[in-house]
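The model shown is predicted, which means the values in this text are computed figures rather than measured ones.
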There are 2 protein chains.
Amino acid sequence: MPKETVLPVLRELVRCYQAFERLSASNIRSFGLTPPQFDIIVTLGNTQGLSFKELGERSLITKGTLTGVIDRLVEKRLVQCALCRTDARSKIVRLTASGERMFEKIFVPHLEHCRPAFAALTPAARSQLASRLAELRNALESAAQPCDESAVA
Amino acid sequence: MPKETVLPVLRELVRCYQAFERLSASNIRSFGLTPPQFDIIVTLGNTQGLSFKELGERSLITKGTLTGVIDRLVEKRLVQCALCRTDARSKIVRLTASGERMFEKIFVPHLEHCRPAFAALTPAARSQLASRLAELRNALESAAQPCDESAVA
DNA sequence: TATTGTTATACTCTATAACTATA
DNA sequence: TATAGTTATAGAGTATAACAATA
């Protein structure tokens with residue numbers, strides 16, 4: 001396995017994501033949210049709430065950092081915290097009604113904002129790309145946690 | 001074009017990149033660099049130096065922020081600045097000899113660090129993924145700057 | 001006038017480590 | 001003992017806007 005066959009796809013992944021970020025971040029900021037805040041809103045969307053632990057795992061934000069990010073979202077009245085009934089150590093974070101509205105207000109337009117670029121690919125190409133990306137993601141997650149396949153949910 | 005065909009690939013792009021970040025960032029930090037600093041080092045690698053403007057465009061770091069990032073790399077003796085001979089407003093940033101060594105020392109092992117995951121895909125799948133990502137990147141860049149094709153270098 | 005880069009400001013994110021409370 | 005989350009700390013990244021020097 002020569003490295004030449006790894007580098008091109010690694011480079012394209014980074015570049016493609018950067019291009020996506022460029023298109024995405026300015027749109028997110030126009031709603032008064034930072035990218036990590038938006039990430040949390042999207043992660044909480046269509047759920048019944050997630051614990052800090054779950055949120056940290058899904059968003060790649062470490063626990064100390066997460067407290068601050070959630071605090072700011074609470075101040076903005078976009079999320080609220082509740083005690084977990086089955087484990088008193090755990091706190092459940094969920095969107096408020098206002099947070100739900102923000103989710104709808106941002107996510108759908110955000111999709112619309114990004115759609116033209118994605119629409120440049122044929123449906124078959126998009127489908128193929130999504131499959132390959134999922135394949136790579138699974139491999140990356142396995143590499144990160146080689147002894148814990150159950151975490152690759 | 002129903003949105004259902006856009007969302008899956010968008011989601012997979014984000015998730016796949018997050019998985020890559022998880023694997024990549026900890027490795028980068030183990031060398032005492034932050035991700036933006038690593039980004040600059042890699043961007044400068046194998047070049048004769050780039051202006052602040054070029055660096056900002058390639059790395060998505062805005063100019064005010066970039067000054068600070070470069071300052072820290074100068075303090076670490078990894079990059080140096082020189083005046084541009086053709087435009088006195090412009091400053092050229094390039095790797096020092098120490099920066100070149102850092103580039104070699106990090107980039108190749110970083111590739112090695114990431115390789116096992118990428119090796120899980122067949123060469124054909126990697127090649128296909130790289131092509132699709134490039135295709136999407138072009139579309140994203142065109143969407144961001146619909147009237148300036150020349151910037152899509 | 002427009003552009004390149006600096007500076008000042010204010011805030012957010014970030015990792016880390018020590019800590020509290022619960023399991 | 002281990003885990004969930006908080007707090008304190010120090011540093012880095014971030015956008016923005018006003019600014020200087022040059023084109």
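Counting only residues at least two apart or in different chains, side-chain hydrogen bond (donor to acceptor under 3.5 Å, both in side chains) contacts with residues 73-86 of chain B comprise B/Q37-B/K76. Sorted by first and then second residue, the pairs that involve residues 57-70 of chain A and meet salt bridge (Lys or Arg N to Asp or Glu O under 4.0 Å), not counting sequence neighbours, are A/K53-A/E57.
Taking the six-membered ring where tryptophan is involved, the planes of A/Y17 and B/Y17 are essentially parallel, since the angle between them stays under 30° and well short of 60°.
Taking each heavy atom of A/A19 and B/E141 in turn, the nearest pair found is CB-CG, 4.1 Å.
Among the candidates B/L55, B/T47, B/I40, the single residue satisfying the side chain to side chain contact (heavy atoms under 4.5 Å, CB included) test with B/V93 is B/L55.
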| Check against side-chain contact (heavy atoms from CB on, under 4.5 Å), B/L133 and B/L13 | CA-CA 9 Å; B/L133 284 170; B/L13 176 63; 4.2 Å; yes

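Taken from CG in A/L95 to CD in A/Q48, the straight-line distance is 10.5 Å, to the nearest 0.5 Å. In this structure, OG in A/S131 is found 12.5 Å from CG in A/L136, a value given to the nearest 0.5 Å. Taken from CG in A/L10 to CD in A/E12, the straight-line distance is 10.0 Å, to the nearest 0.5 Å.
Of all nucleotides in DNA chain D, those with any atom nearer than 4.0 Å to a heavy atom of chain A start and finish, going 5' to 3', at D/dA2 to D/dA15.
Scanning for side-chain hydrogen bond (donor to acceptor under 3.5 Å, both in side chains) contacts around A/E104 gives an empty result, with sequence neighbours left out. Partners of A/S90 by side-chain hydrogen bond (donor to acceptor under 3.5 Å, both in side chains), not counting sequence neighbours: none found. Judged as a salt bridge (Lys or Arg N to Asp or Glu O under 4.0 Å), and not counting sequence neighbours, A/D71 has no contacts. In this view, B/F31 satisfies the ring pair (Phe, Tyr, Trp, His ring centres under 6.0 Å) rule with no residue, not counting sequence neighbours. Partners of A/H110 by ring pair (Phe, Tyr, Trp, His ring centres under 6.0 Å), not counting sequence neighbours, listed by chain and number: A/F38.
Sorted by residue number, the members of residues 85-94 of chain B with any non-hydrogen atom under 4.0 Å from DNA chain D read B/D87, B/A88, B/R89. Taking every heavy atom of residues 41-57 of chain A and every atom of DNA chain D, pairs under 4.0 Å involve A/S51, A/F52, A/K53, by number. Non-hydrogen atoms lying under 4.0 Å from DNA chain C are contributed by A/G64, A/T65, A/V69, all within residues 63-71 of chain A. Interface residues of residues 24-37 of chain A facing DNA chain D, ordered by number: A/R29; criterion, heavy-atom separation under 4.0 Å.
In this structure, B/R126 contributes its side chain and A/T5 its backbone to a donor-acceptor pair below 3.5 Å.
Remark: P of C/dT4 and CG of B/L83 are 16 Å apart, rounded to the nearest angstrom. Atoms CD (A/E75) and C1' (C/dC11) sit 12 Å apart, rounded to a whole Å.
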